[in-house]
Structures are given as structure tokens and as C-alpha cells.
Amino acid sequence: MSIETDFLVIGSGIGGLSTALKLANHGSVAIITKKHQSESNTNYAQGGIASVFDKGDSYEEHIQDTLTAGAGLCHEDAVRLIVSQGPDRVRELFELGVPFTRNDTGQFDLGREGGHHHNRIVHVKDHTGRDVEAALLEAARSNPRITIYEHHMAVELITEHQVFSARLAPDLSINCWGAYVLDINAERVEPFIAKATILASGGCGQVYLHTTNPSIATGDGMAIAYRAGATIANMEFMQFHPTSLYHPEANSFLISEAVRGFGGQLIHKDGESFMEKYHPMGALAPRDIVARAIDAELKKRGVPCVYLDVSYLDADAVRARFPNIYENCLRYKIDITKEPIPVVPAAHYACGGVRTDLQGRTSINGLFACGEVTCTGVHGANRLASNSLLEAVVFAHEASQAAIRFVATRKPIPSGIPLWDDTGTFDQEEWVLISHDRLEIQNIMWDYVGIVRSNSRLERALSRIRLIRQEIENYYKRTRITEGLLELRNLATVAQLIIQSAMMRRESRGLHYTTDYPNSDDAFRHDTLIEHSAV
């Protein structure tokens with residue numbers, strides 16, 4: 001059984017849903033999402049959307065803050081694009097029903113986060129992502145041209161090089177016609193055939209042992225695009241959020257950067273402040289600097305965590321601004337209005353991914369992408385706080401318009417796209433393999449490819465990941481597909497991409513710090529590109 005649609009959207013976060021709503025004006029849209037509709041990195045975003053609304057602020061200042069944080073690798077044209085479109089895209093979300101927090105004058109209440117020199121974070125208290133996701137989902141559900149397929153997971157993209165004869169691609173270009181998709185509940189793989197496919201599958205935080213990302217963030221879009229032949233860029237730049245809650249039961253709960261923007265200070269248990277030693281902006285320094293500073297302090301003192309202190313601020317104001325964080329910390333018997341919050345860094349955001357141009361086009365014809373799965377050039381070597389939701393919604397707009405134009409002139413979908421062939425495979429209990437290998441990948445990445453790296457650590461990590469990946473591939477070829485096996489395969493692929501990218505960058509820049517090359521080098525002031533031949 002095949003499903004045909006004009007547009008296939010892979011992912012249901014802010015990027016995927018925003019794209020789908022704009023595509024629906026021009027054809028039928030199928031959205032596939034691994035879990036429930038609202039499960040995405042967007043849903044966990046606390047801080048907000050960076051955009052220029054204050055009269056004392058300017059596009060140019062937002063651009064310069066972004067370029068500074070990106071450590072010389074941002075593409076200025078991409079940065080200018082998201083900054084200039086930001087206010088319009090935020091207003092679109094407001095018109096969809098996102099209840100952005102207002103101040104006493106009725107204007108957007110603008111917060112401030114690390115790396116920003118002005119208050120420009122539009123937010124819904126400390127649960128912005130949840131409210132953005134809810135408004136977009138409501139609009140998508142009510143649109144008759146959009147069908148959402150929950151518990152569906154992309155297995156591979158459909159391209160000539162995988163399923164057609166060479167005569168259909170004499171120029172060796174790669175064309176995408178949708179994806180093979182696993183219906184998780186029915187345990188079968190079906191072709192979703194589309195005139196244009198948009199990847200909006202989010203990030204890959206689960207490749208690390210400690211992450212603020214939900215369990216679904218296994219790098220699926222990056223992995224399937226790479227296997228199909230798309231260009232991948234800058235995978236070495238994994239942003240570690242400086243402040244996740246340190247508690248054995250908290251599962252790396254994120255403590256928003258907005259807490260520091262509100263006046264929170266980073267201290268040790270004895271009350272000593274330390275960020276002033278590392279950066280003139282102190283606790284409001286860019287994330288890469290704060291994460292490395294905390295890592296250094298942990299190693300220097302031999303302690304498991306540092307503390308983020310807002311207990312000296314007005315308690316009512318803290319509870320009003322951060323109700324979600326306040327309530328979650330109380331679950332672990334931490335009253336943030338009376339005591340400091342124990343925090344440690346955790347893997348948070350991938351600045352690299354599937355390379356796109358300014359229109360969200362990838363190196364594969366008919367494949368577009370937006371959101372964390374991409375490398376658009378906006379973030380460079382380090383993402384400026386709250387630019388992620390902004391980038392996602394702006395590139396959702398650009399990708400949707402490019403996909404609409406593309407479909408209007410595209411040749412008909414080739415006939416004879418085959419069904420998924422799993423003959424020769426068999427059902428087998430694989431949970432021991434999956435749970436063991438997943439944890440091993442996460443431990444390897446945390447121990448050897450974390451905040452501080454070295455040649456020897458990367459070489460050891462690559463050797464071990466290659467063995468694990470080969471074992472997974474051998475198992476994959478003979479075993480009927482399951483969600484767990486697909487996630488494991490994708491995690492191993494993404495882990496190897498991160499390691500190889502890190503080994504190619506023989507300098508320290510932004511989020512990539514190596515003890516063998518502790519300084520930046522202009523010879524490496526370019527994107528790290530990895531290509532995989534699909535022939």
C-alpha cells in the first residue's frame with residue numbers, strides 16, 4: 001500500500017507545522033511524526049524567540065550579537081534573513097493564537113539571554129515552545145488538507161539511487177520522491193510518495209548520555225539525508241546547555257538561559273561567583289563559554305555540579321516569570337526562591353546538520369529542510385540563545401515557498417516505485433542489543449566527544465563507534481525493522497558524523513574545543529562538509 005501526497009513533511013515541531021500550514025494552501029500535506037503530535041524539541045523550548053521589537057534595539061545589533069556568538073562561521077546573509085523576517089514571523093504566530101507575555105503597556109514583554117546586548121526575547125513566561133506547539137497543532141488539525149500520521153517514522157528517503165534503474169538519472173543527480181515510512185503500531189513499512197519532501201525532524205541530543213532533548217531526538221533526519229547523499233555540515237558543533245538541573249531523578253531538566261538573563265548568578269556551593277574570571281559578560285556570556293567554564297570549575301574543584309542562584313531576587317517575581325521551572329524544581333524539593341539550583345551542562349542543540357541554501361533547499365532535488373535538522377549557516381560555531389525557534393519559523397517560510405515553486409514545475413512522479421521489500425528478514429528479540437548499544441554510544445560520546453576533546457579521545461571514539469555501527473548494519477540487514485532498531489542505526493550514523501567532523505577541524509572555535517589545538521586558526525574558517533555517495 002502506498003500513500004501519495006503533494007507534500008510530505010517529516011516532523012511536527014515548529015518547523016514542520018509552520019511549513020505544513022503554508023504548503024496546505026497549494027496542495028495536500030502529510031505530516032509524519034514518531035510519537036504523539038506534540039512531542040518535539042519545540043515543546044521543550046523554555047526561553048523564547050529572539051526578535052527585534054524594542055525601539056532601542058536594531059536589526060544590526062541583533063545581527064552583530066549573532067555573528068559574535070557564531071565565532072566567525074555564521075553566514076551573514078542567512079543571519080540577516082532571519083533577523084529581518086523575525087518580527088513578521090512572530091506576528092504570524094501571535095495571529096495563530098500564541099499568547100506571548102505582555103508588559104503593563106500591552107507590548108511584548110522582552111526578556112534577555114546570554115550573548116544578547118538588548119532585551120529581545122519574545123516569550124510565553126518559561127514555556128514558550130509548549131504554547132507555540134499547541135497553537136500550530138490546533139491550526140494543523142483544523143486544516144482539511146493536512147493529515148497527521150502519529151507513530152510513523154521515516155526509514156529511508158526514496159531516490160533513484162535506491163530504488164530505480166540508472167536510466168532514470170543519467171546525470172547522476174539525486175532526486176527525492178518521498179520516503180519509506182514505518183507505521184510503528186502496524187509494524188509495516190509503506191512508501192509515502194510526494195512531489196516535494198520537507199525534513200523538519202529536529203536534533204540529535206540523544207547521541208549523548210546527558211541531554212535536555214526528549215527521547216525522540218535521535219538524529220533521524222540527519223541520518224536518512226546522509227544515507228541518501230545529502231551534504232552534511234558542521235556536525236562538530238554540538239551546543240551543551242550550561243544549566244540543566246543536577247538531580248538523579250530529573251533527567252537533565254532544562255533551566256532556561258532566561259533565568260540568568262533575569263539576574264541569576266552562577267556560584268559554587270560556598271557562594272563564590274566564578275563567571276567573571278572567564279568573560280566580561282559574566283553569567284550572560286555566550287553558552288559555549290559558560291559551558292566550558294562550568295566544566296573547568298567542576299574538574300578543578302572535583303565537584304559534581306555548580307549552582308544557579310535566584311534566591312536573592314524577589315520571590316514573587318521569580319515565580320511569576322518562571323512558573324514551570326519553579327514547579328518542576330519543587331518536585332525535587334528545591335525551592336528556587338529560597339536556595340540555589342544545582343546545575344550541570346547537558347547536550348542541547350546541534351548547530352550542524354543537513355546543509356541548505358537560503359531557500360531551505362538541500363543538495364537533493366525535491367528535498368527541503370528547516371529547523372534543527374539543518375545547517376543553514378545561521379548559527380556558525382555557536383548558536384545565540386533563542387535564535388533556534390526564530391531560524392525554524394523563518395526557514396519554514398522560505399522552504400515552503402521554495403517547495404511550492406518547485407512542485408509547480410516538477411515532472412510527474414515516476415511510476416513503479418516499489419513497495420518496501422523485507423523478504424529474507426525475520427523477527428528477533430533485539431532489545432538487549434538496542435539497550436546495550438544505545439547506552440554504549442551515549443557513553444562514548446559523553447566521555448570522548450563532549451565539551452572538551454582531544455585527538456586521542458576522538459580516535460578512540462571513532463574506532464569504537466565504527467565497530468558498533470558495523471554490528472548494527474549487519475543486524476539491520478537481516479532483521480525486520482522496529483522503531484528501536486531504526487533509532488539505534490541513526491544514532492550510530494550521527495555519532496560517526498560528529499566524530500569525523502570534529503577530527504577534520506584542527507582548531508578550537510565556538511562549541512568545538514580541543515586540547516591539541518586550543519586556538520582558532522583562520523585556515524579553518526569554513527564549514528566542515530561531509531558527503532556520502534548514494535550510488
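No experiment lies behind these values; they were computed from the predicted model shown.
- With sequence neighbours left out, the salt bridge (Lys or Arg N to Asp or Glu O under 4.0 Å) criterion links Glu339 to no other residue.
- Across all non-hydrogen atoms, the minimal contact from Ala20 to Ile31 is CB-CD1, 3.6 Å.
- Met503 CE to Leu458 CG: the interatomic distance, rounded to the nearest 0.5 Å, is 6.0 Å.
- Checked by atom type, the side-chain pair His117/Asp65 shows a donor-acceptor distance below 3.5 Å.
- To the nearest 0.5 Å, the span separating CG on Leu390 from CG on Leu384 amounts to 10.0 Å.
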| message | Run Thr243 and Val259 through side chain to side chain contact (heavy atoms under 4.5 Å, CB included) and show every step you take. | response | CA-CA 10 Å; Thr243 53; Val259 174; over 6 Å; no
| query | Please walk me through it: do Glu92 and Lys22 pass salt bridge (Lys or Arg N to Asp or Glu O under 4.0 Å)? | reply | CA-CA 11 Å; Glu92 285 179 352; Lys22 296 190 175 185; 3.0 Å; yes
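- Taking the six-membered ring for Trp, Phe274 and His268 have ring centres closer than 6.0 Å.
- Judged purely by distance below 3.5 Å, without hydrogens or angles, the side chains of Ser273 and Glu276 pair a donor atom with an acceptor atom.
- Side chain to side chain, His348 and Thr212 meet the donor-acceptor criterion of an N or O pair below 3.5 Å.
- The main-chain N or O of Ser311 is never found under 3.5 Å from a side-chain atom of Thr337 such that the two would form a donor-acceptor pair.
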| task | Evaluate side chain to side chain contact (heavy atoms under 4.5 Å, CB included) for Val344 paired with Ile294, printing each intermediate quantity in order. | result | CA-CA 7 Å; Val344 290; Ile294 294 174; 5.8 Å; no
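- Across Gly221 and Leu199, no two heavy atoms sit closer than the pair O-CD1, 3.6 Å.
- Between Asp295 and Arg292 there is no salt bridge, since no side-chain nitrogen of the basic residue lies less than 4.0 Å from a carboxylate oxygen of the acidic one.
- Using a 4.5 Å cut-off on side-chain heavy atoms (C-beta onward), Ile82 and Val393 make no contact.
- Considering every non-hydrogen atom in both Asn119 and Leu110, the closest pair reads ND2-O, 3.2 Å.
- Applying the ring-ring contact (aromatic ring centres under 6.0 Å, His included) test to every pair with at least one member in residues 368-393, sequence neighbours left out, gives these pairs: Tyr349-His379, Phe368-Phe406.
- Remark: the Gln239 side chain and the Asp288 side chain contain no N/O donor-acceptor pair separated by less than 3.5 Å.
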| message | For Thr515 and Arg453: C-alpha separation, side-chain torsions, deciding distance, then whether side-chain hydrogen bond (donor to acceptor under 3.5 Å, both in side chains) applies. | response | CA-CA 6 Å; Thr515 56; Arg453 303 161 180 177; over 6 Å; no
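- Other residues, nucleotides and ligands contribute over 12 non-hydrogen atoms within 6.0 Å of the NZ atom of Lys300.
- Within 6.0 Å of the CZ atom in Arg460, the count of heavy atoms belonging to other residues, nucleotides or ligands does not exceed 12.
- Using a 3.5 Å distance cut-off with no hydrogens or angles, the side chains of Gln500 and Glu236 do not pair a donor with an acceptor.
- Using modelled atom types and a 3.5 Å distance limit, the side chains of Arg509 and Ser520 yield no donor-acceptor pair.
- Heavy-atom minimum distance, Ile472 versus Ala492: CD1-CB, 3.8 Å.
- A salt bridge is absent between Arg331 and Glu327; no separation between the charged side-chain nitrogens and carboxylate oxygens falls under 4.0 Å.
- Leu21 has its side chain within reach of Ile146: a pair of non-hydrogen atoms, C-beta onward, lies under 4.5 Å apart.
- A side-chain donor from one of His123 and Asp109 sits under 3.5 Å from a side-chain acceptor of the other.
- The distance from the CG atom of Leu485 to the CG atom of Leu182 is 10.0 Å, given to the nearest 0.5 Å.
- The pair Arg321-Asp316 does not count as a salt bridge, with every side-chain nitrogen at least 4.0 angstrom from each carboxylate oxygen.
- Evaluation of the salt bridge (Lys or Arg N to Asp or Glu O under 4.0 Å) rule for Asp309 yields no partner, not counting sequence neighbours.
- Ion pair Glu60/Arg80 flagged as a salt bridge, since at least one NZ, NE, NH1 or NH2 atom sits closer than 4.0 Å to an Asp/Glu carboxylate oxygen.
- When the ring-ring contact (aromatic ring centres under 6.0 Å, His included) test is applied to Tyr246, no partner is found at least two apart in sequence or on another chain.
- Side-chain contact check for Asn387 and Thr66: at least one donor-acceptor pair (N or O, by modelled atom type) lies under 3.5 Å.
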| Intermediate values then yes/no, salt bridge (Lys or Arg N to Asp or Glu O under 4.0 Å), Glu133 and Arg130 | CA-CA 5 Å; Glu133 180 81 12; Arg130 186 182 71 192; over 6 Å; no
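- Distance check, rounded to the nearest 0.5 Å: CD of Glu272 to CD1 of Ile267 gives 10.0 Å.
- Residues satisfying the side chain to side chain donor-acceptor pair (under 3.5 Å) criterion with Asn490, sequence neighbours excluded, are Asp220, Arg227.
- Figure legend: Arg438 and Tyr208 shown without cation-pi pairing, the cationic atom not lying both under 6.0 angstrom from the six-membered ring centre and within 45 degrees of its axis.
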| message | Between Ile498 and Val494, is the side chain to side chain contact (heavy atoms under 4.5 Å, CB included) condition met? List the steps. | response | CA-CA 6 Å; Ile498 293 172; Val494 170; 3.9 Å; yes
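- When the side chain to side chain donor-acceptor pair (under 3.5 Å) test is applied to Tyr278, the partners found at least two apart in sequence or on another chain are Glu297.
- Side-chain contact check for Glu391 and Ser388: no donor-acceptor pair (N or O, by modelled atom type) lies under 3.5 Å.
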| Stepwise side-chain hydrogen bond (donor to acceptor under 3.5 Å, both in side chains) test for Ser386 and Glu113 | CA-CA 8 Å; Ser386 287; Glu113 298 182 0; 3.0 Å; yes
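- For the atom pair CZ of Arg469 and CZ of Arg489, the computed distance is 8.0 Å after rounding to the nearest 0.5 Å.
- Look at Glu487 and Lys34 and you find a salt bridge, because one of the NZ, NE, NH1 or NH2 atoms lies within 4.0 Å of a carboxylate O, short of that distance.
- Atom OG in Ser501 sits 3.5 Å away from atom CD1 in Ile530 (nearest 0.5 Å).
- The aromatic rings of Phe100 and Phe94 lie parallel to each other, their planes meeting at an angle below 30°, with 60° marking the opposite boundary.
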| request: Determine, step by step, whether Arg112 and Glu257 satisfy the salt bridge (Lys or Arg N to Asp or Glu O under 4.0 Å) criterion, reporting the C-alpha distance in whole Å, the side-chain angles of both residues, the deciding distance to 0.1 Å, and the verdict. | output: CA-CA 9 Å; Arg112 185 178 172 194; Glu257 188 150 351; over 6 Å; no
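- For Lys333, the NZ atom sits in a loose shell: 12 or fewer heavy atoms of surrounding residues, nucleotides or ligands are nearer than 6.0 Å.
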| said: Evaluate Phe322 against Lys125 for side chain to side chain contact (heavy atoms under 4.5 Å, CB included), listing each step before the verdict. | reply: CA-CA 6 Å; Phe322 305 108; Lys125 296 186 182 291; over 6 Å; no
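- In terms of heavy-atom proximity, Glu61 sits nearest to Gly56 at OE1-O, 3.7 Å.
- Closest of all the heavy-atom pairs between Ala396 and Ser18 is CB-CB, 3.7 Å.
- A donor-acceptor contact shorter than 3.5 Å is absent between the side chain of Asn234 and the backbone of Phe237.
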